[in-house]
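Convention: sequence-line order gives letters A, B, ...; per-chain numbering from 1.
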Amino acid sequence: MINFLFLLTLLIYLAASIFQTLSLALGNRSEAMAIRLTIERIALWGTAIGFAFLTLFIPLWWLQQGHFPMTHWTDSIAFFAWAVTLIYLIIVRLTHLRTLGSFVMPVAFIAILISYSFATHTAALPEPLRNYWLLAHTALIFLAYAAFIAAFGFGLMYLMTERKIRKKTDTLLDNLLPSLGISDELGYRCTILGVILLTMGVIVGSLWTQYIQDVPWRWLDAKVIATLMTWFIYVVQIGFRQFWGWHGRRAAYTAILGFVAVLCTYVGVDLFLDSMHTYR
Amino acid sequence: MHPIVSIGTSHHVAPIEFREKLAFSEAQLTEAVQHLREAYQVQEAVILSTCNRVEVYAVANSMRTNDAATKMLVDFLSHYHRINFESLKKWTYLHHNLEAIRHLFRVTASLDSMVVGESQVLGQVKEAYDASRQAGGARTILNRLFTKAFSVGKRIRSETTIATGAVSISYAAVELAKKIFNTLEGKTVAIVGAGEMSELTAKHLVSNGVSNVIVANRTYERAVKIAEKFNGTPLPYNSDLNFLIDADIVISSTNAPDYLIKRRPLANIMRRRRHRYMFLIDIAVPRDIEPDINKIDHAFLYNIDDLEAVVASNLKDRQQEATHAEQIVTQEAKRFYDQLQIFQVNPTIKALHQQFREIADTQLQACCNKASFTDQQAAAVNAMTQAIIKKLLHDPMKNLRYAVNDGDADHAQYLQALQELFALDVKDEEPEA
């Protein structure tokens, strides 16, 4: 039953991604206005329903496994999709910028697709890891990743709009992309949010290992190093923006670089390197 | 029939020099409306005076012809503003009745605006109407006319998309600026050189939220003069472009034969303003701004052709909408005119009925006094008299209403003839509250 619902969620996410992207393609042309508004409504409802289902799965898996479902990487990637959708929905609630969905919803969809394809949801968690520290640590870091994905979406929107303005394309005024200023500003805010969450997540994680578990801090852990590098990219971006006015295009490129770094940290390390963080 | 006449001038037909001569300040408006009513025996009048247009709408006494009514307005304008007849003739337009109604509907719907679909004009017409009404200018007919004009304006805004498109260059500039900046609030526009187009664009930007205006000119006095219009800051022009440090939007239109704003100094300026976005609009021919500037990070350059291309691609979409809007205006104007005529015929019909009835009643009374009718007989005679009146008036009234509905010009003469032959005392109906 859960599996069937999960498949349904997957399909809902696929539909929401496609519809949201379709609305971006239709643009703001008056003749397509009515269709576009319907499509956008379907996309947003789809996102909300898909999100509600995902939210339901977390306690279900929790009950099934007897612990917070974050241990197996297929669980974690579903949680990642949940966090991305949450951040997206918050942004839509605050700014009404649904266009962001065209960029982040496909990411969430692919995450769920991977989770569905390899799902087991049956990993056992060693006793010492069964506590709320792990929950806080991982939840914070995944929310940080989601904020970075949103920043990445804004970066892409920025570059698309800039290209249109620069090339003076026909569809310049008819598209739904927000102004450069808005993409830039919101991307920046998402980056700051991400850095704050990531910092908190790392602090919680290190305190937990050092003081609660009494395990010596391992600097050379691949995941730790990769995370710190990701963190460093974003912090440097914020610093340069503050002191040298690095915004706009450079910020957009950094958001994309940061996205790659997040992928490497999250997926790459698990696949190719050994770490105490590796999911089984 | 009361002729409705409008006389006016706008950016379509007259330069700013003439328009400002014809303009009425807010303080003048009340007095002018009263003067027009008292000294020229105009029954109703509304004066609309904005930066792009000055128009007088008037309803004359029904005894006057269209031409006589027009002459009154021309006399009024010429005396009030001390303008000779020749320039009035050259720079103004005249509309009568149906055309005057249609024109007001077009103006209110923003179809006649410089920026078609802009929203300001509806408010301006409302203010003009309120002011004239308080001065006693707008009464029965103009009250109806303007109330209808507002509803037509709203209908067009909700049923068509003319209000959403960029259909003029200055509007395109504003829309482009909105694609770049988060908001235009608090932004600074720099006008380099002078010219109506650049001032207009700047004005449009200011009305969309831009808060500071810088004016740079080779002759400082000129800069001061233009800056005064915008409450802006005049700055001397220099080739290292220091005056552009705070400028977020630059509009350049000089007569210079060479590039005034070159890539290297501008790149320097961009560094000094920490790469905040700069939107440069070059409406000069030959061009003022080096095209390579479009390659500088965060600097976006549009010349007059680029802007026109943006307008053209939007125009294609909007053309249909504008046609649709014009159809609505024409149809509403026709409908209103018909209603107005029936509305104007009603008092005459009423007066005629009343007169017949009064005569019949008097005669009936006299007759009853002489002969001694029983109640039943009196009622029968009374009913017969009423029936005769009805029958007598039936055909003339039917034909009169036909004439009105057919748009037959004769009906005005019919009305006049009726009023004169029967010596009717026709009172205008007061509008329903």
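Counting only heavy atoms from C-beta outward, the side chains of B:Arg274 and A:Trp244 never approach each other to under 4.5 Å. Put simply, the side chain of B:Lys179 does not reach to within 4.5 Å of the side chain of A:Leu180, judged on heavy atoms.
A search for side chain to side chain donor-acceptor pair (under 3.5 Å) contacts involving A:Thr161 returns nothing, not counting sequence neighbours.
The part of A:Phe243 that comes within reach of chain B is its backbone (N, CA, C, O), which places non-hydrogen atoms under 4.5 angstrom from that chain. A:Asp184 touches chain B through its side chain: at least one heavy atom from C-beta onward sits under 4.5 Å away, while N, CA, C and O do not. Only the side chain of B:Asp306 comes within contact range of chain A, with heavy atoms under 4.5 Å apart. Contact annotation for B:Leu301: only backbone heavy atoms (N, CA, C, O) come within less than 4.5 Å of a heavy atom of chain A. Only the backbone of B:Ala299 comes within contact range of chain A, with heavy atoms under 4.5 Å apart. Residue B:Phe181 touches chain A through its backbone alone, counting heavy-atom pairs closer than 4.5 Å.
For residues 86-108 of chain A, the salt bridge (charged side-chain N to carboxylate O under 4.0 Å, His left out) pairs, not counting sequence neighbours, are A:Glu40-A:Arg98. Here salt bridge (charged side-chain N to carboxylate O under 4.0 Å, His left out) pairs that include residues 200-209 of chain B, with residues two or more places apart or in two chains, number zero.
Within residues 246-260 of chain A, the residues having any heavy atom less than 4.5 Å from a heavy atom of chain B are, in residue-number order, A:His247, A:Gly248, A:Arg249, A:Arg250.
Separating the CD1 atom in A:Ile165 from the CD1 atom in B:Ile180 is a distance of 4.5 Å, to the nearest 0.5 Å. Put simply, CD on A:Glu162 and NE2 on B:His298 are 6.0 Å apart, with the number rounded to the nearest 0.5 Å.
A distance-only check finds no donor-acceptor pair linking the side chain of A:Lys168 to the backbone of B:Leu307 [under 3.5 Å].
Of all the heavy atoms in A:Ser179 and B:Lys178, the pair that sits closest is CB-O, 3.1 Å.
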